[in-house]
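Take a look at the structure set out below.
Lettering of chains follows the sequences in order, A, B, ..., and the numbering in each one begins at 1.
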2 protein chains.
Amino acid sequence: MTRNEIQEKRMRGYFIQAASEILRSEGMRALSVRNIADRAGYSYATLYNYFKDVRELIFECVKVFMDEARTMIETERSKVAPGLPGIRRAAETYAMFFVQYPGVFNIFFTEKPNEIAGAQPTLALIYSFLDEICASDWKQIEESGSLPKAVISSKKDSLRFSLAGILLLYLNRRMAPDYSAFKKMLNKELDNILSM
Amino acid sequence: MTRNEIQEKRMRGYFIQAASEILRSEGMRALSVRNIADRAGYSYATLYNYFKDVRELIFECVKVFMDEARTMIETERSKVAPGLPGIRRAAETYAMFFVQYPGVFNIFFTEKPNEIAGAQPTLALIYSFLDEICASDWKQIEESGSLPKAVISSKKDSLRFSLAGILLLYLNRRMAPDYSAFKKMLNKELDNILSM
DNA sequence: CCTAAATTATTAACAATGTTAATATAATGA
DNA sequence: TCATTATATTAACATTGTTAATAATTTAGG
């Protein structure tokens, strides 16, 4: 990595840091180019020397959040036994992460992707995010032979869709319940899917 | 209804019509106050004589779309036997409606509600939308005694969450598959939930 | 060490957005 | 027909993302 590349990476980091701070605390609505640049200590136009447009910057933030979520989920997952309990704990933590950062959920699942190279792979990563973290758990269940492959695959899908759906409805207030009612619902749903 | 109320309703109708046409064909992104007013044949400021703000107008469009979806779903539902087949057909049509109008899905499920009176009830209506249409079907299943109440309630929830989730992932391109692959997935998921 | 060239940052400017205030037009009633 | 009221329109403002024109800074070469 040449000196210039180091500097460039650093500059990008400043803007990414600033943007993700805003997204975390105030959400997508409060984000603006001038906003980000202010917090990073630069003028708004400077941002365009390091990012094609604001969407590229936002997708960089997505990567940051994904790393953060992955760490959080893996930490929790490692506290319980591999296999079914691991998946269960991972799913719960996955949900809790988004409850903590509702703005991040919307960026992950509802923001329109742009045409920059590398956006589509990131989206695919979001889709299979939980599966990857739980890969070893699913593998263990498969190898135990207690469930046919097709059923396992179905359960993976169900988990994906249900989690996305319940979070969508709860975080965007299409669902009346408060947090504790939501959590009860989530647990019931996880019971349904992960009962084997 | 006084003469003025008739006129006012008519004017609101023009704007609602214009806005929903844009939403249907070009989606939320293309919607703007000037855009709507142009198509309605008025100046942009005139809109504010009939709506508090553009969000109120959008929520009026939501109601229009809900009526439309309800009609479509009920028509399809009536083509099959009551009970399980009715629910199945209704769920499929529900999904297809949003596939046809992806912008409407985002307004229904991801748009931030505003503080206008009447918004929260509309949101609750979205949440229980499919349940209401299928109320008689669910009732029949319950009365047949083939399933415990608790299981029925679980299945309702699962259906809600899974549909929301799979549509979210498909319509916002977090899922790679094309339309036919999506439909296969949807059917598999419905099989899972509605197998009794 | 000083100047020329290249790099990087900033200000100015544009078009588009939602919204409000000031003004013009139309409808109504005496 | 004229005064009043209701309704529509234009002007204006503050924000938004983005680009072009400048200003400041860093780098290279003598």
Can you pull out every salt bridge (charged side-chain N to carboxylate O under 4.0 Å, His left out) where at least one residue sits in residues 11-22 of chain A? Sequence neighbours excluded, please. A/R12-A/E56, A/R12-A/E60, A/E21-A/R39
Would A/E5 and A/K9 satisfy salt bridge (charged side-chain N to carboxylate O under 4.0 Å, His left out), going step by step from the backbone distance to the final call? CA-CA 6 Å; A/E5 278 171 338; A/K9 193 152 204 168; over 6 Å; no
How would you label the contact of B/Y50 with the nucleic acid (heavy atoms, under 4.0 Å): base, sugar-phosphate, or nothing? sugar-phosphate
Rounding to the nearest 10°, end axes of the helix from C/dC1-D/dG30 to C/dA30-D/dT1 built from five pairs each make an angle of 20°
Can you pull out every salt bridge (charged side-chain N to carboxylate O under 4.0 Å, His left out) where at least one residue sits in residues 144-153 of chain A? Sequence neighbours excluded, please. A/E142-A/K149
Applying side-chain contact (heavy atoms from CB on, under 4.5 Å), name anything that partners A/E76, two or more places apart in sequence or on another chain. A/K79, A/R89, A/T93
Taken in chain and number order and not counting sequence neighbours, the residues that satisfy salt bridge (charged side-chain N to carboxylate O under 4.0 Å, His left out) with B/R34 are none
Centroid separation under 6.0 Å, is that true for the rings of B/Y50 and B/Y14? no
Contacts of B/D178 that satisfy side-chain contact (heavy atoms from CB on, under 4.5 Å) - sequence neighbours left out: B/S180, B/A181
Using the ring-ring contact (aromatic ring centres under 6.0 Å, His included) criterion, which residues pair with B/F182? Sequence neighbours excluded. B/Y170
Set of salt bridge (charged side-chain N to carboxylate O under 4.0 Å, His left out) partners for A/R24, sequence neighbours left out: A/E68
May I have the distance from A/L47 (atom CG) to D/dT18 (atom C1'), rounded to whole angstrom? 11 Å
Residues of residues 103-110 of chain A with any non-hydrogen atom less than 4.0 angstrom from an atom of DNA chain C: list those, numerically ordered, please. none
Which whole-number value in Å describes the distance from B/D38 CG to D/dA8 C1'? 15 Å
Rounded to the nearest Å, what distance is computed from the CD atom of residue B/E5 to the C1' atom of nucleotide D/dA6? 16 Å
Quick one: is C/dT10 close enough that its OP1 or OP2 comes under 4.0 Å of any side-chain N or O from A/T46? yes
B/Y101 meets the ring-ring contact (aromatic ring centres under 6.0 Å, His included) criterion, sequence neighbours left out, with B/F97
Could you give the CD1-to-P distance, from A/I36 to D/dG17, as a whole number of Å? 7 Å
Nearest-angstrom distance from the residue atom CZ of B/R10 to C1' of D/dT7: 16 Å
Quick one: side chains of residues 156-169 of chain A, donor-acceptor pairs under 3.5 Å with protein atoms, not counting sequence neighbours, listed by atom name and distance.
residue	atom	partner	partner atom	Å
A/D157	OD1	A/R160	NH2	2.6
A/S158	OG	A/S154	O	3.2
A/S158	OG	B/E189	OE1	3.3
A/S158	OG	B/E189	OE2	3.0
A/R160	NE	A/Y127	OH	3.2
A/R160	NH1	A/D131	OD2	2.5
A/S162	OG	A/S158	O	3.2
A/S162	OG	A/E189	OE2	3.1

Can you tell me the distance, in whole Å, between the CG atom of A/N49 and the C1' atom of D/dA21? 14 Å
Expressed in angstrom and rounded to an integer, what is the separation of A/I58 atom CD1 from D/dG17 atom C1'? 11 Å
Which parts of nucleotides 15-26 of chain C does protein reach within less than 4.0 Å, heavy atoms only, written one letter per nucleotide 5' to 3' as B for base, S for sugar-phosphate only and - for none? --SBBB------
Whole-Å distance, B/M11 CE to C/dA27 P, equals 12 Å
